Amino acid sequence: MKKSRIDRRFAELKKQGKKGFIAYLSAGDPNLEDTVDIVLRLEAAGVDLVELGLPFSDPLADGRVNQEAATRALEAGSTFEGVMACVAKIRERSDIPMIFYAYMNPLLSRGYEESIRAAAEAGIDGFLLLDLPLEEEGPYRKALSENGLNSIKLVTPTTPDGRIEKIVKRANGFIYCVSREGVTGVQSEIAEGAGALVQRIKEHSNLPVALGFGIGTPEQARDAAALSDAVVVGSAIVNAFHNNPHTAEGRADAAALVKQMVDAVKAVQA
């Protein structure tokens, strides 16, 4: 597989001695047109990579904030085809790496291979498939590879070392390290043991490791960056754009909050 936008971005970060910042938002929240604007604002704030949640009615790995964002997106009329058109519009104006944070049901219901092909054609760079077990991924991983898409893998605090080794061998782009047990959502502090888990992953892979789940303040983002190659922030960003007015000024205020977290990450030397 040729180097993806994700590979190139992490290579640039390594060369610069910088840590990466990954932002999550639900595609279609508050609507698909505004999603284009939000992604462009995130890029302007210094975000390195965007995770777009593919709206789904039962996002079981997500906490309340991201579940409600997915519900708002669906109620606003977001469809698979609409999200693909949204990605294509972003690609007209930006080359920022983007992946889909997705569950299998929406992909399987319309034909998995067709869904993956449509995502690649729209301009997506990879998938993080939340509910695809390692033992069942064979044919699904093949479709990602054939379309030049990265397969991002999750490792959690309860993943045994032997399984970590198997997971990371099938990953490319980066490894998503879940900092704590449970679902997504802002927490008061970085989970104890998160740094040790990152190091366990690095014993088995040279891929960048991004630390996520529960990070919501500049201080937490800085602390997470000190432990990993990149930081993933989701619920705090979803809240920032949802709670501020859906106006240019409100969006600017939300983006300014994101920039504070980005700046905190960028201040940490790689």
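This one's a predicted model, so the numbers in the text were calculated from it and none came from an experiment.
No hydrogens or angles considered: nothing links the side chains of Asp62 and Tyr24 as a donor-acceptor pair under 3.5 Å.
For Arg5, the side-chain hydrogen bond (donor to acceptor under 3.5 Å, both in side chains) test picks out Asp95, Asp125, with sequence neighbours left out. For the ring pair (Phe, Tyr, Trp, His ring centres under 6.0 Å) test, residues two or more places apart in sequence or in another chain that qualify with Phe100 are Phe127. The side-chain hydrogen bond (donor to acceptor under 3.5 Å, both in side chains) check on Arg222 picks up nothing, with sequence neighbours excluded. Applying the side-chain hydrogen bond (donor to acceptor under 3.5 Å, both in side chains) test to Glu81 and every residue at least two apart in sequence or in another chain returns Arg110. Contacts of Asp37 classified as side-chain hydrogen bond (donor to acceptor under 3.5 Å, both in side chains), with partners at least two apart in sequence or in another chain: Arg41, Arg251.
Of the possible donor and acceptor atoms, one in the side chain of Ser109 sits under 3.5 Å from a partner among the backbone N and O of Pro106. In this structure, the side chain of Tyr140 does not engage the main chain of Leu132 through any donor-acceptor pair within 3.5 Å. The backbone N or O of Gly111 sits less than 3.5 Å from a side-chain atom of Ser115, completing a donor-acceptor pair. Distance alone, capped at 3.5 Å, is enough to place a donor-acceptor pair between the Lys19 side chain and the Ala225 backbone. Thr35 contributes a side-chain N or O that, together with a main-chain N or O of Gly28, makes up a donor-acceptor pair within less than 3.5 Å. Using a distance-only test at 3.5 Å, with no hydrogens or angles considered, a donor-acceptor pair links the side chain of Thr71 to the main chain of Gln67. Under the 3.5 Å distance criterion, the side-chain polar atoms of Asp34 are left unmatched by any main-chain donor or acceptor of Pro30. Under a 3.5 Å cut-off, the side chain of Ser78 and the backbone N or O of Ala73 do form a donor-acceptor pair.
Contact of the His204 side chain with the Lys169 side chain is not registered, since no non-hydrogen atoms from C-beta on lie closer than 4.5 Å. Between Gln220 and Thr217 the shortest side-chain heavy-atom distance falls below 4.5 Å. Within the 4.5 Å cutoff, side-chain heavy atoms of Leu107 are placed close to those of Leu129. Counting only heavy atoms from C-beta outward, the side chains of Pro218 and Asp263 never approach each other to under 4.5 Å. Taking the side chain as every heavy atom from C-beta outward, Lys266 and Asp48 approach each other to under 4.5 Å. Residues Leu128 and Tyr176 meet the side-chain proximity criterion, which asks for heavy atoms closer than 4.5 Å. Contact annotation: the side chain of Val36 never approaches that of Leu32 to less than 4.5 Å [non-hydrogen atoms, C-beta and beyond]. Here the side chains of Asp58 and Asn105 are not in contact, with every heavy-atom distance at 4.5 Å or above.
Atom CG of Asn206 sits in a sparse spot, with 12 or fewer heavy atoms from other residues, nucleotides or ligands closer than 6.0 Å. Within 6.0 Å of atom NZ in Lys89, 12 or fewer heavy atoms from other residues, nucleotides or ligands are found, so the atom counts as exposed in its surroundings. Within 6.0 Å of CZ on Arg93 lie no more than 12 heavy atoms contributed by other residues, nucleotides or ligands.
Under the salt bridge (charged side-chain N to carboxylate O under 4.0 Å, His left out) test applied with Arg170, the options Glu135, Glu137, Glu165 reduce to a single match, Glu137.
Nearest approach of Ala61 to Tyr101, heavy atoms of both residues: CB-OH, 4.1 Å. Taking all atoms of both residues into account, the shortest heavy-atom contact from Ile96 to Val39 is CG2-CG1, 4.3 Å. Nearest heavy atom pair, residue Ile22 against residue Ala230, reads CD1-CB, 4.3 Å. In this structure, Asp7 and Gly173 approach most closely via the heavy-atom pair OD1-CA, 3.8 Å. The heavy-atom pair separating Val238 from Ala69 by the smallest distance is CG1-CB, 3.7 Å. Between Gly20 and Val265, the shortest heavy-atom contact is O-CG1, 3.6 Å.
Rounding to the nearest 0.5 angstrom, the gap separating the CD1 atom in Ile152 from the CG atom in Leu130 is 12.0 Å. Taken to the nearest 0.5 Å, the CG atom of Asn31 stands 8.0 Å off from the NE2 atom of His246. For the atom pair Asp253 CG and Thr247 OG1, the distance stands at 7.5 Å (nearest 0.5 Å). A distance of 10.0 Å separates CG of Leu257 from CD1 of Ile237, quoted to the nearest 0.5 Å. Put simply, CG on Leu211 and SG on Cys177 are 5.0 Å apart, with the number rounded to the nearest 0.5 Å. Rounded to the nearest 0.5 angstrom, Asp223 CG and Ile215 CD1 are separated by 9.5 Å.
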Audit row: Asn172, Ser151, side-chain hydrogen bond (donor to acceptor under 3.5 Å, both in side chains) steps and yes/no: CA-CA 6 Å; Asn172 48 48; Ser151 178; 5.4 Å; no
Stepwise side-chain contact (heavy atoms from CB on, under 4.5 Å) check, Leu227 with Val209: CA-CA 9 Å; Leu227 301 174; Val209 179; over 6 Å; no
Derivation of the side-chain contact (heavy atoms from CB on, under 4.5 Å) call for Asn66 and Ser26: CA-CA 7 Å; Asn66 291 350; Ser26 180; over 6 Å; no
From CA spacing to verdict: side-chain contact (heavy atoms from CB on, under 4.5 Å), Phe241, Leu25: CA-CA 9 Å; Phe241 282 97; Leu25 67 153; over 6 Å; no
Verdict with reasoning, Leu13 to Asp229, per side-chain contact (heavy atoms from CB on, under 4.5 Å): CA-CA 9 Å; Leu13 289 167; Asp229 301 301; over 6 Å; no
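Salt-bridge annotation for Glu12 and Arg9: present, with a side-chain N of the basic residue lying under 4.0 Å from a carboxylate O of the acidic one. Here Arg117 does not pair with Glu113 in a salt bridge; the nearest charged N to carboxylate O distance is not below 4.0 Å.
Residue Val83 is not grouped with residue Leu74 when hydrophobic side chains (ILVMFWY) are merged at heavy-atom distances under 4.5 angstrom, including chains of intermediate members. Placement of Phe80 and Ile116 within a single hydrophobic cluster is found when ILVMFWY residues are connected by side-chain heavy-atom separations under 4.5 Å, directly or transitively.
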For residues 193-201, run the donor-acceptor check on the side chains, cut-off 3.5 Å, and write out each pair with its distance to 0.1 Å, sequence neighbours left out.
unit_1: Arg200; atom_1: NE; unit_2: Asp161; atom_2: OD1; d: 2.8
unit_1: Arg200; atom_1: NH2; unit_2: Thr159; atom_2: O; d: 2.7
unit_1: Arg200; atom_1: NH2; unit_2: Asp161; atom_2: OD1; d: 3.1

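The aromatic rings of Phe174 and Phe10 are tilted relative to each other, their planes meeting at an angle between 30° and 60°.
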